[in-house]
Protein chains: 2
Amino acid sequence: MLSNGALRENHPIGHRGYPGPVGPKTLTQKGLATRQRIVEGAAAEIRERGVAETTLDHVRARTGTSKSQLFHYFPDGKEQLLLEVARHEADRVLSDQQPQLGDLTSWPAWQAWRDRVVDRYLRQGMDCPLSGVIAQLGRSTPGAQAVVSELMRQWQGEIAAGIRHMQGLGEIVPALDADRSAAALLAGIQGGVMVMLATGRIGHLEAALDVGIEGLRRR
Amino acid sequence: MLSNGALRENHPIGHRGYPGPVGPKTLTQKGLATRQRIVEGAAAEIRERGVAETTLDHVRARTGTSKSQLFHYFPDGKEQLLLEVARHEADRVLSDQQPQLGDLTSWPAWQAWRDRVVDRYLRQGMDCPLSGVIAQLGRSTPGAQAVVSELMRQWQGEIAAGIRHMQGLGEIVPALDADRSAAALLAGIQGGVMVMLATGRIGHLEAALDVGIEGLRRR
DNA sequence: CCAAAATTGGACCCGCAAGTCCAGAAATCA
DNA sequence: TGATTTCTGGACTTGCGGGTCCAATTTTGG
């Protein structure tokens, strides 16, 4: 996903076309690696101890860097770093569901995806780095909002594509509104995860997925 | 809900049987009022400017109190106050849905409840004091977890009761698992709210409610 | 190999917000 | 009323964490 062969290209650093102020104009090989290390280290640190408890000093210690490097690569400071971490984690959310999410072409495939999602969040346990980070820098921040909106858009799009495919196979009635059903299912997943984070129980996530998929199946 | 007639009873202050360290053993009339004022002021302040940006000094200013009073009523400091605010907000979540939530006895009633929920969160806008507070003091905190668990339990219970009532009327097939369906619907609502908080769009909440209720209705 | 630019280290600053303290005012109760 | 407890005000301390600075060092490109 990363590893863009040619180095020292004069490209702004924010990947995937996100705009925004992002520091030095060019980066050497070493600089790029350091920057990457900082983002991943920060993400890991946040996953372990939570956003609120993670300080720049923790990140510095874990990544073996210094304050000046942090601000060299992220001139806007903590906020910018957190935003970068949010993007990093948002990428993970979707890629962790592949290839199942991109292949909703039969009922067993849907089940496999459902299991994958449940497993992912079971494994992740009681911490959601993304939601934590987003909450921290405020939902109203345009950057944070953009990251979440884009994630939701893609996620919902993949589910809707799966629904349409099943409609093509005649397994789901054509009258059903794929986008609306996908939105509802996605909401169920989000809520299931949220309840799990807050209470430690995964039952709601399973219920949301199972009931949601059953709802599609019925015709 | 409050206003417990007899004053100066030797009861611990935490209402509704929540345990935990809660400060002075007894409170006079005035003290009780001040304490109440602090919690409500803190809740309001948090609703307006967010948890992360709310300091004890803001609370102090808004409630016309002093630092010493804050620590007099909440010896464990900010954490204790936040927990109290969380309880306060959790109460509001359910009471704001009444009487509709407690009267899911016909399809129009379900629709009225659905509208009430959508309206409540539209009105509330892009801030969720409860989720903010919970995120702040960490989901793992036993106190926070207890508050959310209890809220979810009650909420789901009311929905499930509504489903059972409709089953009694023959409007929903008896085979349907009321608790599981209620869990799924609740998850959808939670996720819909979450998406709204993050993206500003209410479509997911509406979709979750509508699709969820339609799923009950079909038989 | 040299100049320029990128990278690194870490000491330092500063403001803020949580929490402490104690003395004085007000309420309670005998 | 007077003794006792609760309540209130606000000045003070303290630690922490984000952010700045600059000089040293490495890397890059010619």
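Heavy-atom basis, side chains included; hydrogens, waters and symmetry copies ignored. Within every chain, numbering begins at 1; the chains are lettered A, B, ... in the order of the sequence lines, protein sequences first and strands thereafter.
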Quick one, A:Q97 with A:R116, criterion side chain to side chain donor-acceptor pair (under 3.5 Å). Give me CA distance, side-chain angles, the key distance, then yes/no. CA-CA 6 Å; A:Q97 293 178 58; A:R116 181 74 180 256; over 6 Å; no
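For D:dT6, neither phosphate oxygen OP1 nor OP2 lies less than 4.0 angstrom from any side-chain nitrogen or oxygen of B:Y73. OP1 or OP2 of C:dT20 has not a single side-chain nitrogen or oxygen of B:S68 nearer than 4.0 Å.
To the nearest angstrom, P of C:dC21 lies 12 Å from CZ of B:F71. Following rounding to the nearest Å, B:R37 (CZ) and D:dC7 (C1') show an atom-to-atom distance of 12 Å. Between the P atom of D:dG19 and the CD atom of A:Q80 lies a distance of 11 Å, rounded to the nearest Å. Rounded to an integer number of Å, the gap from CZ of A:F74 to P of C:dT7 is 12 Å. Atom CG of A:L70 is separated from atom C1' of C:dG9 by 13 Å (rounded to the nearest Å). Atom P of nucleotide D:dT26 and atom CG of A:L32 are separated by 21 Å, given to the nearest angstrom. One interatomic measurement links the two molecules: CG of B:D76 to P of C:dG19, which rounds to 9 Å at whole-angstrom precision. Separating the CD atom of B:Q136 from the C1' atom of C:dA18 is a distance of 13 Å, rounded to the nearest angstrom.
Crowding of A:Q124 atom CD: a count of heavy atoms from other residues, nucleotides or ligands under 6.0 Å exceeding 12.
A salt bridge does not link B:D91 with B:R87: none of the charged nitrogens is closer than 4.0 Å to a carboxylate oxygen. A:R180 has no carboxylate O lying under 4.0 Å from a charged side-chain N of B:E206, or vice versa, which leaves the two without a salt bridge.
With hydrogens and angles disregarded, no donor-acceptor distance shorter than 3.5 Å links the side chain of A:R201 to the backbone of B:S149. For B:H58 (side chain) and B:E53 (main-chain N/O), a donor-acceptor pair under 3.5 Å exists by modelled atom type. Side-chain atoms of A:R60 do not come within 3.5 Å of backbone N or O of A:T55 as any donor-acceptor pair.
Distance from the side chain of B:Q69 is smallest to D:dT8 among D:dT8, D:dG19, C:dA18. Taking every side-chain heavy atom of B:K78 into account, C:dG19 is the closest of D:dG10, D:dG19, C:dG19.
Applying a 4.0 Å cut-off to non-hydrogen atoms, the residues of residues 52-67 of chain B that approach DNA chain C are B:T55, B:L56, B:K67, listed by residue number.
Counting heavy atoms from C-beta on, the side chains of B:Y121 and B:L197 never come closer than 4.5 Å. Residues A:W155 and A:Q190 meet the side-chain proximity criterion, which asks for heavy atoms closer than 4.5 Å.
When the local axes at the two ends of the helix from C:dC1-D:dG30 to C:dA30-D:dT1 are compared, using 5 base pairs at each end, they differ in direction by 30° after rounding to 10°.
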